[in-house]
Q: 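Can you keep this structure in mind? I'll have questions shortly.
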Amino acid sequence: MTIQRERIHERNRMPINPRGGYVLYWMQQSQRLHWNHALEYAVQKANELRLPVLVVFGLTAHYPEANLRHYTFLIEGLIDVAEDAPRRGVRFVVREGSPAEVCLNFAKDAALVVMDAGYLRIQRQWRERVAENSPCLCVEVEADAVVPVWFVSSREEYAAATLRPKIHRYLRQFLIPLEQVPVAICPTTRGDELSPPTTAQELRGLLTLLPVDRSVSPSPTAHGGTKRALMLFSEFVEKKLPVYHERRNDPAEDLGSGLSPYLHFGQISPLYVALEVARHNDSPGAAAFLEQLIVRRELSFNFVTHNPRYDSYDCLAHWARQTLALHAADPRPALYTLEDFELAQTHDPIWNTCQQELVAFGTMHNYMRMYWGKKIIEWSRSPEEAFAVALYLNNKYQLDGRDPNSFAGVAWCFGQHDRPWPERPIFGKVRYMNEAGLRRKFDVQRYINRITQALRNIGG
DNA sequence: ATCGGCTCGCGCAA
DNA sequence: TGCGCGAAGCCGAT
């Protein structure tokens, strides 16, 4: 068994239903059939019980802050799952509705319910509801973090520096491959009592029919799915990883992995990515990438898990709120409304370029995500308003909006997980960033040209 | 071009 | 209790 017991939590005290016709894997966060601990756990249990595996995904059209851009990426991923399900020997069914209700509906005829882990408020609420109302045993399996979130730390960490040693202490235990066991009983052989599998065509139809917020168009360049994620990843390892540690911050280049949206929707396994990077070489590029993928990503999981206010200004560390409050009345060099920001109508062509990249593609260069957030603080009436504006725009346009990384990333601009710096107007002791710093380190015009060209290529 | 100073809280060693 | 240290900072001095 390559699924460490620290990944597995029995969420209720119900017995296995002896009359259950299948083992139910309620897929929610980890939207993939490859390297998925929750799925493998379900397969192992099904083989022990001599039952088939039913994989069910509940699709709600009303996920908070999600719009057509996010739904398109998500459904592109579900199409990959639907197409691969027969090869994996499992039946995959998508139903429209609240995910917890969809799961409970199928739980009635299940021997046991297996679910993956998710740490946002709504994900925890869904899991709580399923665990409390499931008529049979309900097991949660961690498939989204390399080191299980609750195991590595049971409290809110102050910064990466405090989480890092804890993660590294347990890496040897958890950074190990996941064995994939074949399914013994394929549901197609005795599955008449089950719902028919959802087809790729049905999923495409669902995308046009779902009553989702259509105010933001799909990304013209980034498309979802495990297959695309794996292609993108192998290209990254080959071309970008060797120089990742020294050039990833240069916005004139595009040296990020681009995996964040795929990780957000669980379309690629962070464990698989980490093992591949660690295997390919032990170069400085690999070390720098693993720091991002494991330490920084899982710090954000720690943040949303242990800080109940992760999506509000009140989430910030005390020293940060105190120092920002002290400077709330400082005069601002410019003041913009949400609309000004959203329409990329500031005086700063660099900032406007960031915003245009975000709106058009659903991504922004990682370094510019910091600059972008810092400037919203500088040009808003209050830090509270700035926080709301930054999180709103981030979650509306970023393909990885509402990811734990998104919440931690916005909060970082306001001092969270960072340290104090010399006091100055508006920012107080929160780290300041400016255009001079960008120009000192990078060729800013090359960044603007790169984005302008990309916008032209899509006819924008 | 490079360097030190700035600043707070954590966690470890003592 | 003291001390080292930290996501990508800036700025002035050399």
Q: Using only heavy-atom distances, determine whether the side chains of A:D403 and A:S406 contain a donor-acceptor pair under 3.5 Å.
A: no
Q: Check every atom of B:dC10, C:dG6, B:dC6 against the side chain of A:P422 and return the nucleotide holding the closest atom.
A: B:dC6
Q: Regarding A:E76 and A:R228, does a basic nitrogen lie under 4.0 Å from an acidic carboxylate oxygen?
A: no
Q: What is the distance, to the nearest angstrom, from the CG atom on A:L438 to the C1' atom on C:dC10?
A: 12 Å
Q: Which nucleotide wins on minimum distance to the side chain of A:W319, given the candidates C:dA7, B:dC8, C:dC10?
A: B:dC8
Q: Assess, by modelled atom type and distance only, whether the side chains of A:E157 and A:T162 contain a donor and an acceptor separated by less than 3.5 Å.
A: yes
Q: May I ask you to establish whether A:K374 and A:W412 are in a cation-pi arrangement, using a distance under 6.0 Å from NZ or CZ to the six-membered ring centre and at most 45° from the ring axis?
A: yes
Q: Between B:dA14 and C:dC5, how far apart are the two P atoms, rounded to whole Å?
A: 14 Å
Q: Using only heavy-atom distances, determine whether the side chains of A:Q29 and A:Q123 contain a donor-acceptor pair under 3.5 Å.
A: yes
Q: Rounded to whole Å, how long is the line connecting atom CG of A:D418 with atom P of B:dC8?
A: 14 Å
Q: Considering only heavy atoms, which members of residues 160-170 of chain A lie under 4.0 Å from some atom of DNA chain C?
A: A:A160, A:A161, A:R164
Q: Does a donor on one side chain and an acceptor on the other come within less than 3.5 Å for A:E342 and A:Y397?
A: yes
Q: Compare side-chain N and O positions of A:N366 against OP1 and OP2 of C:dA7 and report whether any pair is under 4.0 Å apart.
A: no
Q: Quickly work out the A:E156 CD to B:dG11 C1' distance and round it to whole Å.
A: 17 Å
Q: Between C:dA7 and B:dC12, how far apart are the C1' atoms? Round to whole Å, please.
A: 23 Å
Q: Is there a Watson-Crick or G-U wobble partner for C:dA8 with both distances under 3.5 Å, and which nucleotide is it?
A: none
Q: May I ask you to evaluate whether A:R424 reaches the phosphate of C:dC10, defined as a side-chain N or O under 4.0 Å from OP1 or OP2?
A: no
Q: Looking at the side chain of A:W421, which of B:dC6, B:dT7, B:dC10 is the nearest nucleotide?
A: B:dC6
Q: With a non-hydrogen cut-off below 4.0 angstrom, is A:R321 in contact with a base, only sugar-phosphate, or nothing?
A: nothing
Q: Counting only non-hydrogen atoms, which of residues 367-386 of chain A are less than 4.0 Å from DNA chain B?
A: none
Q: In whole Å, what is the span from the NE2 atom of A:H417 to the P atom of B:dC10?
A: 12 Å
Q: In plain terms, say whether A:R321 and A:E384 are close enough for a salt bridge, that is, a side-chain N and a carboxylate O under 4.0 Å apart.
A: no
Q: Establish, yes or no, whether the cationic atom of A:R214 lies under 6.0 Å from the six-membered ring centre of A:Y71 and within 45° of the ring axis.
A: no
Q: Verify the distance criterion only: is there a donor paired with an acceptor across the side chains of A:N352 and A:Q356 at less than 3.5 Å?
A: no
Q: Quick one: A:R296 CZ to C:dG6 C1', roughly how many Å, whole number?
A: 10 Å
Q: If the threshold is 4.0 Å, N to carboxylate O, is there a salt bridge linking A:D144 and A:R7?
A: no
Q: Distance check needed: B:dC6 P versus A:E423 CD, whole Å only.
A: 14 Å
Q: Measuring to OP1 and OP2 of C:dC10, would you say a side-chain N or O of A:R431 lies under 4.0 angstrom away?
A: no
Q: Identify whether any heavy atom of A:E291 sits under 4.0 Å from a base atom; if not, whether one sits that close to sugar-phosphate; answer base, sugar-phosphate or nothing.
A: nothing
Q: Measure the distance from CG on A:N302 to P on B:dC10 and round it to the nearest whole Å.
A: 14 Å
Q: In Watson-Crick or G-U wobble terms, both distances under 3.5 Å, what is the partner of B:dT7?
A: none
Q: If the cut-off is 4.0 Å, is A:R440 near the phosphate of C:dG12, judged by side-chain N/O to OP1 or OP2?
A: no
Q: Can you list, by residue number, the residues of residues 243-259 of chain A that have a non-hydrogen atom closer than 4.0 angstrom to DNA chain C?
A: A:R248, A:N249
Q: Would you kindly give the OH-to-P distance between A:Y158 and C:dC5, to the nearest whole Å?
A: 17 Å
Q: Among C:dC10, B:dC6, B:dT7, which nucleotide has an atom closest to any side-chain atom of A:K429?
A: B:dT7
Q: Do A:R296 and A:N405 pair up side chain to side chain, a donor and an acceptor below 3.5 Å, judged on atom types alone?
A: no
Q: Among A:R446, A:K240, A:R248, which one satisfies salt bridge (Lys or Arg N to Asp or Glu O under 4.0 Å) with A:E253?
A: A:R446
Q: Between A:W150, A:F301, A:W126, which is the residue that forms a ring pair (Phe, Tyr, Trp, His ring centres under 6.0 Å) with A:Y119?
A: A:F301
